Every structure is written in structure tokens, then in C-alpha cells.
Amino acid sequence: MILPIYAFGQSVLRKKSEHISPDYENLNTLIENMFETMYESNGIGLAAPQIGLPIRLFIVDGSEIEDIHPPAFKEVFINPTILDEFGEEWDFEEGCLSIPDIRENVRRKGDVTIHYFDANWNEHTRTFGGMAARIIQHEYDHIEGILFTDRISPLKRSMLKRKLDYISKGITKAQYKMKFPPRK
Ligand code: ZN
């Protein structure tokens with residue numbers, strides 16, 4: 001089932017998400033729906049707050065961009081904790097399904113070590129680099145209530161203010177279903 005993507009301005013995108021337990025109701029269906037939703041909107045990562053749930057869960061599938069940013073990489077992250085970020089910082093133009101039509105360079109460290117459970121509740125501590133690290137860092141930010149637009153310069157952010165306001169009012173050309181903040 002395709003779920004609507006919560007748009008910039010939705011308060012759930014600003015919450016610090018909660019851990020879940022293995023008996024979380026319908027978790028497998030939720031994960032399936034998240035993949036379906038992500039593929040429908042041509043995303044390479046999706047975090048639970050983006051579909052309205054403030055829980056520590058995100059999915060990643062970088063196989064679409066494998067040609068330019070190998071290796072292919074698909075994983076489910078449940079209750080993740082970033083243990084370390086290291087390596088050379090680099091800029092990459094990030095986008096976000098919750099913030100359509102905006103892309104900006106974000107500087108992040110090159111490598112990330114993360115502890116998490118996969119969809120079968122197997123426990124992992126793994127280190128990722130390159131594009132895998134980049135997507136993980138972006139999605140991990142989501143479960144901490146952080147958006148990539150928080151990580152650009154104040155000047156750039158002020159230049160984007162009007163565009164961001166439009167998105168939060170439901171004015172966007174996004175080609176996928178979105179859920180906008182309630183009107184005040
Ligand atoms: Zn995002």
C-alpha cells in the first residue's frame with residue numbers, strides 16, 4: 001500500500017523518534033508499505049516520520065543509483081544508533097521526499113558506524129562509507145527530528161524560506177501523494 005509522504009512543516013518531522021519492540025504491531029506490513037511508497041516516489045531512503053510515525057525505523061535502497069554511486073545497498077534499520085562518524089568530510093547535493101524540488105549541498109563525514117536491528121531483528125554493528133553512509137546519515141537525521149535544510153548555511157536557508165513555506169502550504173509539483181500540515 002502506498003502511503004502519503006508527510007511534507008515539510010508537519011510536526012512529526014521534528015520529533016525525536018521512539019524505539020520500538022519486536023512485537024510492534026504489523027511491522028512487516030509497515031516495512032513493505034514503506035518500500036512500496038519509496039519506490040513509487042523514486043526515493044532511495046525513507047524514514048518512518050516521513051509517513052507520520054515517530055518511531056526509530058528507516059529503510060534504504062541505493063540500487064537505483066548503483067551505476068554512479070556503487071555498491072548497491074538495501075537494508076532496513078530498526079532502533080539504530082550511530083556510534084561513530086569519521087573520515088573526510090564531503091559535499092553532496094541532497095534532496096528529500098518531504099521537501100520536493102529542493103536540493104542543496106550538505107557536508108557530512110565520509111564514514112559511519114551504526115548499531116541496528118534488521119527486519120528479522122538480527123543485531124548488527126556495521127561501518128558504511130560512500131553513498132551508503134550518506135543515505136544512512138540523512139535518514140538517521142529524520143528519526144532525530146533533523147532535516148537536511150537544517151544543515152545548510154543560514155543564508156541559503158533564508159533564500160529557501162519562501163519555497164519551504166509553499167511546500168508547508170501544499171503548493172508543490174510533487175508527483176507522489178503527500179500529506180500537508182493542517183491549516184492554521
Ligand atoms: Zn529525507
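Order of listing sets the numbers, starting from 1, for every ligand and every atom in it. It should be emphasised that the depicted structure is a prediction, and the values quoted were computed from it without experimental measurement. The analysis underlying the following values was restricted to heavy atoms, covering all of them including side chains, and did not include hydrogens, waters or symmetry mates.
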Donor-acceptor pair, side chain of Thr81 and main chain of Leu83, under 3.5 angstrom: no
Presence of salt bridge, Asp91 and Arg108, under 4.0 angstrom: no
Centroid separation Phe180 to Tyr6 less than 6.0 Å: no
Lys163 NZ/CZ over Phe8 ring centroid, <6.0 Å and within 45° of normal: no
Proximal protein heteroatoms (N, O or S) of the Zn ion (ligand 1), under 2.8 Å: Cys96 SG, His138 NE2, His142 NE2
Check ion pair Arg134-Asp111 (N to O, under 4.0 angstrom): no
Partner set under ring pair (Phe, Tyr, Trp, His ring centres under 6.0 Å) for Phe117, not counting sequence neighbours: His115, Trp121
